[in-house]
Protein chains: 2
Amino acid sequence: MAAPRRPTDAELAILRVLWSQGPSTVREVAEETGREGAYTTVLKLLQIMTGKGLVRRDESARTHVYRAARSERATQRQLVRDLADRAFGGSASRLVMQALAVKKASPDELAEIRKWLAEQEQERA
Amino acid sequence: MAAPRRPTDAELAILRVLWSQGPSTVREVAEETGREGAYTTVLKLLQIMTGKGLVRRDESARTHVYRAARSERATQRQLVRDLADRAFGGSASRLVMQALAVKKASPDELAEIRKWLAEQEQERA
DNA sequence: TTCACTCTACGAAGCAGTTCGTAGTCATCG
DNA sequence: CGATGACTACGAACTGCTTCGTAGAGTGAA
């Protein structure tokens with residue numbers, strides 16, 4: 001499979017619904033996004049996304065059911081990589097530095113970072 | 001000033017040149033991007049970016065000199081925030097987690113992260 | 001059957017981003 | 001002066017994204 005193009009904003013909004021709600025119909029996605037009269041817009045987007053391979057469609061019932069083709073994590077990593085390339089000279093670490101400056105972390109998140117740090121030092125031994 | 005729209009890919013490529021080379025002429029930017037026959041394309045982009053307020057133009061000489069209107073850091077943070085909003089439910093910390101998974105860090109970067117971690121724990125006291 | 005409702009499909013418009021060709025201006029050199 | 005070359009300005013084409021309107025098919029109730 002060729003390198004998939006980065007999802008657009010509207011596509012990402014839909015993927016977010018699919019990731020959090022699981023496989024969904026057009027109506028379910030449209031209602032979750034909360035916008036009025038968005039039904040055919042969401043339908044069209046899902047059709048396009050099916051063509052791009054971003055989502056998969058179950059057509060066994062008359063009302064089709066869509067699900068994200070790639071996991072949230074995998075997509076997030078792709079986007080991080082993409083941003084690192086475009087704005088940080090390819091350095092994910094420099095991206096991390098700026099992200100750390102943006103917002104304080106919760107205790108859980110701090111713990112995760114500490115854990116990651118320990119692993120890094122482990123590997124360096 | 002209203003919230004500036006996120007720079008596009010082509011705009012970011014130009015900003016990267018301006019950040020690393022400092023104020024530059026169209027020709028200097030065009031040569032740095034390395035693409036053939038890109039001159040008028042770069043010129044047009046710089047004109048558009050001037051209109052958007054992304055760059056500032058010194059017209060005192062016949063050959064104009066452009067410089068980035070915002071710092072690299074500020075722009076990077078904006079982009080991080082934007083990506084956090086679009087793909088991480090607004091959580092920069094979750095973005096950090098994925099970014100850490102993407103690539104190993106250098107010793108310097110590890111040290112910076114450790115320093116940041118210490119500051120966080122300080123504030124929590 | 002007929003009506004109302006829901007669904008899919010799709011065309012088309014509008015807009016932004018990107019690229020390129022062309023025109024016109026200005027400075028310099030012979 | 002006249003030619004050459006570098007510069008700015010700008011229109012126009014092309015593409016991709018997003019939105020919406022409309023058509024047509026399936027479903028089920030009266």
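From a predicted model like this one, the values you see are computed outputs, not experimental measurements. Below, chain A is the first sequence line, B the second, and so on; all start at residue 1.
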Check your understanding: Would you call A/Trp116 and A/Arg114 a side-chain contact if the rule is heavy atoms closer than 4.5 Å?
Key -> no
Exercise for review: Using atom NZ of A/Lys44 as one end and atom C1' of C/dC10 as the other, report the distance to the nearest whole Å.
Suggested key: 5 Å
**Study point:** Atom-pair distance (CG on A/Leu15; C1' on D/dC17), nearest Å
**Key:** 15 Å
**Study point:** Nucleotide of C/dT18, D/dA9, D/dG26 approaching B/Ala10 most closely (side-chain heavy atoms)
**Key:** C/dT18
**Study point:** B/Arg6/A/Asp9 ion pair, N-O < 4.0 Å
**Key:** yes
Review point. Separation of A/Gln47 atom CD from D/dG21 atom P, in whole Å?
Key: 17 Å
Review point. Going by atom types only, do A/Arg94 and B/Gln76 share a side-chain donor-acceptor pair under 3.5 Å?
Key: no
Exercise for review: Calculate the interatomic distance between B/Leu54 atom CG and C/dT18 atom C1'; express it in whole Å.
Suggested key: 15 Å
Study note, to complete from the structure: Side-chain atoms of B/Arg5 come closest, of C/dG17, C/dT22, C/dG11, to C/dG17
Practice item. Identify whether the distance between the nearest side-chain nitrogen and carboxylate oxygen of B/Asp85 and B/Arg81 falls below 4.0 Å. Key: no
Review point. Rounded to whole angstrom units, what separation is found between the CG atom of A/Asp58 and the P atom of C/dT8?
Key: 12 Å
Exercise for review: Would you indicate what B/Thr8 reaches in the nucleic acid, counting non-hydrogen atoms under 4.0 angstrom: base, sugar-phosphate, or nothing?
Suggested key: sugar-phosphate
Practice item. For C/dT28, take OP1 and OP2 only and decide whether either is under 4.0 Å from a side-chain N or O of B/Arg62. Key: no
Check your understanding: Between C/dC7, D/dT19, C/dC20, which one does the side chain of A/Leu45 approach most closely?
Key -> D/dT19
Check your understanding: Out of D/dA9, D/dT18, C/dT18, which nucleotide sits closest to the side chain of A/Asp9?
Key -> D/dT18
Review point. Which part of the nucleic acid, if any, lies within reach of A/Thr41 when heavy atoms closer than 4.0 Å are counted: base, sugar-phosphate only, or nothing?
Key: base
Study note, to complete from the structure: A/Leu43 atom CG is separated from D/dA23 atom P, nearest whole Å, by 17 Å
Exercise for review: Starting from P on D/dT19, measure out to CD on A/Glu11 and report it in whole angstrom.
Suggested key: 11 Å
Check your understanding: Which nucleotide, C/dT18, C/dT6, C/dT8, lies nearest any side-chain atom of A/Tyr39?
Key -> C/dT8
Point to revise | Electrostatic pair A/Glu11-A/Lys52, nearest N-O below 4.0 angstrom | key: yes
Point to revise | Under 3.5 Å donor-acceptor pair, B/Arg27 side-chain atoms to D/dA6 base atoms | key: no
Point to revise | Atom pair distance, as rounded to whole Å: CD in B/Glu31 and P in D/dC7 | key: 9 Å
Point to revise | B/Thr63 side-chain proximity, nearest of C/dC10, D/dT8, D/dG26 | key: D/dT8
